[in-house]
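Inspection log for the structure reproduced underneath, given as structure tokens.
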Amino acid sequence: MTAYLVRRLVYAFLILIGVNLITFWLFFKVNTPDDIARLQLGAKRVTPDAIAKWKAERGYDKPLLYNGSAEGAKRFTETIYFEKSVAMFMLDFGRADDGRDIWFEIRNRAGPSLAVQVPVFIVGLGVNVSFALLLALFRATRFDFASQVFLVAMMSISSLFFIIAGQYVFSKLWHLVPISGYAGGADAFKFLVLPVAIGIFGSLGGATRLYRTIFIEEMGRDYVRTARAKGMSELVVLFRHVLGNGMIPILTGVVVVIPGLFVGSLLTESFFGIPGLGSYTIEAIQAQDFGVVRSMVFIGSVLYILGLVLTDISYTIVDPRVRLDT
């Protein structure tokens, strides 16, 4: 078990290094430090001296990966890659182009992102699983057919439509909640209830159909037929046997999503004016602030890889064969 987890952590670290290198190469393949300086300075103030000064102030005046003019270890440490990318492993993200500390902004904005995404995740999982169980119980009926049509329609509609329609109906027409904005404490509820409800409603389609398929597959297994032969009711079989075994693939897949809750939702936060990490990323892209964008890509990579490691760990817990085979 310990050797298995150590191998997974080593693989995860190597993958993270690879992602970090590829991301760094792509950023500076598309835009050189001179290009970044020109974008930030604007057309009217672009002079060779202004570019050189901007690069020196922000550490972009060094070589990218290898500093041939330095000696010893400084050939690798006095580079843009070491100062901008390797430092991220120590949670040193530097400063944005507007001078604000990136790590400070990330810490402050993680709370609003979690305030939206955690209820969507928890309540949405409960709603999707409950609806999928109901469809599995009434499979091959008119209710099941109508629900399938509804779910496919939900999958075919962009989440952007639900956001705009929700703002128009509940905020502009009925004036039940604010159309956008955010506040801390107890006042946050009125700003969060609509984006959370839209997030849950918008996730009904794909997740519910997937869970329904898993439960129906479990209902055709031998242990279910044995339970029915013993005289157990369909509800007892469904909730005691099918639900427990069907949740194994569901939960192991859900674990991957959990770290991504910290990153937030780009569309939801932008349209509802929530100062989370999603809107922070959009603002950085619009301002072409490559320091912030690189930091958010790195954090997203770390969280996704962490989710994969947690998934591997969850498999060892629910399936002893994984430990035996590895």
Side-chain angles (χ1 to χ4, degrees), residues 112-174 176-177 179-180 188-219 234-235 238-239 242-272 274 276 278 304 307 311:
S113 290
L114 289 173
V116 177
Q117 295 302 313
V118 170
V120 171
F121 171 74
I122 296 176
V123 179
L125 179 62
V127 170
N128 290 331
V129 169
S130 301
F131 196 14
L133 280 172
L134 189 64
L135 294 180
L137 181 63
F138 294 100
R139 63 193 179 280
T141 63
R142 291 183 178 179
F143 173 74
D144 184 31
F145 176 77
S147 298
Q148 289 295 314
V149 173
F150 169 73
L151 293 175
V152 171
M154 293 285 293
M155 295 173 61
S156 304
I157 300 175
S158 170
S159 58
L160 184 59
F161 171 81
F162 295 120
I163 293 174
I164 296 175
Q167 288 180 323
Y168 178 75
V169 174
F170 294 100
S171 298
K172 188 173 183 179
L173 290 183
W174 295 350
L176 296 177
V177 292
I179 193 169
S180 65
F189 176 80
K190 62 182 180 181
F191 292 100
L192 295 176
V193 60
L194 182 58
V196 168
I198 291 174
I200 295 170
F201 188 73
S203 66
L204 273 178
T208 303
R209 294 188 74 239
L210 173 63
Y211 300 162
R212 171 188 175 275
T213 302
I214 292 173
F215 291 140
I216 290 179
E217 183 179 354
E218 289 294 324
M219 293 174 73
E234 193 68 18
L235 286 176
L238 188 65
F239 286 97
V242 174
L243 178 60
N245 289 280
M247 286 302 293
I248 293 175
I250 292 175
L251 290 178
T252 51
V254 163
V255 171
V256 181
V257 181
I258 294 177
L261 300 177
F262 292 88
V263 180
S265 173
L266 300 179
L267 283 178
T268 301
E269 292 181 5
S270 297
F271 273 85
F272 285 99
I274 298 173
Y304 185 76
T311 301

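Side-chain atoms are counted along with the backbone in the values below, which use heavy atoms only and exclude waters and symmetry mates.
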Would you be so kind as to tabulate the donor-acceptor pairs closer than 3.5 Å made by side chains of residues 114-129, with sequence neighbours excluded?
{"unit_1": "Asn128", "atom_1": "OD1", "unit_2": "Thr208", "atom_2": "OG1", "d": "3.1"}
{"unit_1": "Asn128", "atom_1": "ND2", "unit_2": "Gly124", "atom_2": "O", "d": "3.0"}

Under 3.5 Å, which donor-acceptor pairs do the side chains of residues 191-202 form with other protein atoms, sequence neighbours left out?
none

Please tabulate, for the side chains in residues 154-165, all donor-acceptor contacts under 3.5 angstrom to protein atoms that are two or more places apart in sequence or on a different chain.
{"unit_1": "Ser156", "atom_1": "OG", "unit_2": "Val152", "atom_2": "O", "d": "2.8"}
{"unit_1": "Ser158", "atom_1": "OG", "unit_2": "Leu160", "atom_2": "N", "d": "3.1"}

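Closest approach of Leu135 and Gln148 over heavy atoms only: CD1-NE2, 4.0 Å. Nearest approach of Ser113 to Gly278, heavy atoms of both residues: OG-N, 4.1 Å. Of all the heavy atoms in Ala132 and Tyr211, the pair that sits closest is CB-CB, 3.5 Å.
For residues 195-213, the pairs satisfying salt bridge (Lys or Arg N to Asp or Glu O under 4.0 Å) are Asp144-Arg212, with sequence neighbours left out. Listed by first then second residue, pairs satisfying ring-ring contact (aromatic ring centres under 6.0 Å, His included) with a partner in residues 123-149 number zero, not counting sequence neighbours.
Residues passing the side-chain contact (heavy atoms from CB on, under 4.5 Å) test with Glu234, sequence neighbours excluded: Leu137, Arg139, Met219, Arg228.
Interatomic distance, Ile274 CD1 to Thr268 OG1, rounded to the nearest 0.5 Å: 7.0 Å. Here the straight-line distance linking atom CD1 of Ile179 with atom OH of Tyr168 works out to 11.0 Å at 0.5 Å rounding. With rounding to the nearest 0.5 Å, the separation of OG in Ser171 from CZ in Phe272 is 7.0 Å.
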